[in-house]
Protein chains: 2
Amino acid sequence: MTNISDIAKHAGVSVSTVSRVLNNYKYVASDKREAVLRVIEELNYTPNKHAIDLIRGETRNIGVILPYNNNTAFDQLLNGILTKASENDYLITVLPSQYHKEREIAYLQKLKSRQFDGIIITSRANDWETIIPYSDFGPIISCEYTPHLEIGCSYTDRYASFVEALQLLKSRGHRAVAFTTARLTSNSTQQIILAYQEVFGEIPSGYHISDCQSLEDGYAAAKLFLQLQERPTAIYANGDEVGGGIYVYAKSQQIKVPDDLAIIGQENQPAGIGLGLSTVDHQLTKIGEQAFNLVIKKSKEKVKIPYCIVERNSV
Amino acid sequence: MTNISDIAKHAGVSVSTVSRVLNNYKYVASDKREAVLRVIEELNYTPNKHAIDLIRGETRNIGVILPYNNNTAFDQLLNGILTKASENDYLITVLPSQYHKEREIAYLQKLKSRQFDGIIITSRANDWETIIPYSDFGPIISCEYTPHLEIGCSYTDRYASFVEALQLLKSRGHRAVAFTTARLTSNSTQQIILAYQEVFGEIPSGYHISDCQSLEDGYAAAKLFLQLQERPTAIYANGDEVGGGIYVYAKSQQIKVPDDLAIIGQENQPAGIGLGLSTVDHQLTKIGEQAFNLVIKKSKEKVKIPYCIVERNSV
DNA sequence: CCTTGACTTGAAATCCATTTCATCCATTAG
DNA sequence: CTAATGGATGAAATGGATTTCAAGTCAAGG
């Protein structure tokens, strides 16, 4: 590969001058500038990014840790991040963790090795205590609320959204409300459990099914819910694909939505739109956009994004 | 930041020895190895990735050019790529182009600047003649068939799939078949036009609507199709979200699917599953996986992935 | 005519790790 | 006892840029 000193030789100048041309310095005689430009053209030269990164100590590349690469909710976050990254001339590297602690750490290590200028954590397996030390090596931004932590975040008030959605169901007369969640240990799951207890008191046995992600999971969950002695009259799903699965199962059993069964989904995803599923939109795209803004500002701010409830025909 | 020579000094050895320890060379006295390891631990040292990349000339990072970062089809491709990348200890950087020619070129330029070890093009705006010269600087793999080109690809036979799907509609008695596509200039659009002509002859005016991506686009397209004098009895949609939109519009007009209107979608996406939409699955995930395999093999092979038609209740 | 400041330019230091080469020591085989 | 071999180690070159520093030219101002 041709490098900067090849250019210098061919153009009859020093590497410093070539570098000046490359970086648009003023104070380069125009004849030399043109000579350099001509040689660059002739030899089809492009500066080596590694060398530049090494000396500059930055990459304009942000890593995004996300548990699954085929989950609509995380795609929404990612989309927001990508949009802002494009606007700001940054690149985004996706770091799928599958919630493996070691993998997550391996990715954070890459911040330390200067491979990324910053990292956005959309969801995590490790404790914050484990993660925080890595923020010495670059900004780490969370998409989950991080009170009392030296970590910036872009989040929505899930607890409040859950309370509001559950209140909505309650106000429509529902007393037997079941719900699905993703991982038991996730922040979001913790929040909805608290919100549920706040609104309806104890969770009846069988009214909470965790580890739901796909339409199929929703279908299976609905089957279980509707076999219960005390059949729920409403279900809060942790995503519109899961909600869609519940909807499809209900239809297959001639159960009328919303009359016999109300369903409310989450995140306003394509899978729900066609079905007319009501949904709690946590504005994941906006959360992603803000997360990106924070990471390049190396900010430790905590930015709250408003959620909104989209009513369609399933409640 | 502490670097390799700091480690060397503190451990009382040369940088070569530290490097040997770092890279697990044999032939390092065990006392020195331990001393080095101890100092690394103490000073919390991590090698600088830029320096390593510079000297090694590779990054284990693959760039993936995709037009939209919020399009389910491209997400499916990306998922396949990410899965294989994780398995092989590679990182994936997503490069959204919005089909801007200059952006696409800017990304290819990054291959030349050694920022990526290879690039996967899921879809493109530029001509191949413009793209091919960049393959001098690293492997470029296409997710579209590239006959006669020095570019490896992982693809499915879209022409055949379109013919088969249209034949299926024909065999069910449909003679008035409309269809939606994405960009007019895309390879896929070219193929379906040819396939349509093969199966049904000339395309009746108004029977082809392009630039469809979302459920909303499908909804709007359906409205137009169903206002035509010669109303189509079947619609082939270029994706299940578009198909879902068509479905929803049909329902809203009390048009029965599939009796009054058959709908067939594409790519077997979540949006279609709940609706029971029949679909042509081009196995985008598998195409992505193969594309990754090819890129790290620096292969120019052309790998064909079989498609399959998934019949549900909309045809 | 001298000083000052605006331009121009190149040598060399710097960023940080890998790798080649040369050297040295200690065995072991012949 | 010598030659060959296997281990162990460091100096220096290498990868490819940026940037500081010093020095030189030239024209304008006093």
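Convention: sequence-line order gives letters A, B, ...; per-chain numbering from 1. Note that the structure is a prediction, hence the values are computed from the model and not measured. Note that these values count all heavy atoms, side chains included, but never hydrogens, waters or copies made by symmetry.
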Visitor: So, do L66(A) and L77(A) sit near enough that their side-chain heavy atoms are less than 4.5 Å apart?
Guide: no

Visitor: Nearest-Å distance, NZ (K112(A)) to P (dC16(C))?
Guide: 15 Å

Visitor: Compare every heavy atom of K110(A) with every heavy atom of L91(B), then report the nearest pair and how far apart it is.
Guide: CD2-CD, 3.8 Å

Visitor: Taking atom types as modelled, find out whether S19(B) and Y25(B) have a side-chain donor-acceptor pair closer than 3.5 angstrom.
Guide: no

Visitor: Whole angstroms only, please: what is the CD-P distance between Q115(A) and dA17(C)?
Guide: 14 Å

Visitor: Any donor-acceptor pair under 3.5 Å linking the side chain of D117(A) with the backbone of R60(A)?
Guide: yes

Visitor: Are the side chain of H282(B) and the backbone of R158(B) linked by a donor-acceptor contact shorter than 3.5 Å?
Guide: no

Visitor: Give each protein N/O atom lying under 3.5 Å from an N/O atom of nucleotides 6-9 of chain C, with the pair distance.
Guide:
| from | atom 1 | to | atom 2 | distance (Å) |
| --- | --- | --- | --- | --- |
| dC7(C) | OP2 | Y27(A) | OH | 2.3 |
| dT9(C) | OP2 | A29(A) | N | 2.7 |

Visitor: Find every protein N or O atom lying less than 3.5 Å from an N or O atom of nucleotides 14-17 of chain D, and list the pairs.
Guide:
| from | atom 1 | to | atom 2 | distance (Å) |
| --- | --- | --- | --- | --- |
| dG16(D) | OP2 | N3(A) | ND2 | 3.3 |
| dA17(D) | OP1 | Y45(A) | OH | 2.5 |
| dA17(D) | OP1 | N48(A) | N | 2.7 |
| dA17(D) | OP2 | I4(A) | N | 2.5 |
| dA17(D) | OP2 | Y45(A) | OH | 3.3 |
| dA17(D) | O5' | Y45(A) | OH | 3.3 |

Visitor: Out of the candidates E144(A), E129(A), E104(A), only one should pair with R124(A) under the salt bridge (Lys or Arg N to Asp or Glu O under 4.0 Å) rule; please name it.
Guide: E144(A)

Visitor: Find the distance E34(B):CD to dA8(D):P and express it as a whole number of Å.
Guide: 13 Å

Visitor: Rounded to 10°, tell me the angle between the two end axes of the helix from dC1(C)-dG30(D) to dG30(C)-dC1(D), each built from five pairs.
Guide: 50°

Visitor: Rounding to an integer number of Å, can you tell me how far K9(B) NZ sits from dT9(D) C1'?
Guide: 18 Å

Visitor: Roughly how far apart are K286(B) NZ and Q290(B) CD, rounded to 0.5 Å?
Guide: 10.5 Å

Visitor: Could you walk me through whether Q109(B) and T46(A) pass the side-chain hydrogen bond (donor to acceptor under 3.5 Å, both in side chains) test, one step at a time?
Guide: CA-CA 8 Å; Q109(B) 199 74 23; T46(A) 304; 3.2 Å; yes

Visitor: Which pair of heavy atoms, one from T156(B) and one from P306(B), lies closest together, and at what distance?
Guide: OG1-C, 3.9 Å

Visitor: Taking the basic N atoms (NZ, or NE/NH1/NH2) and the acidic carboxylate oxygens, is any pair closer than 4.0 Å for E87(B) and K84(B)?
Guide: yes

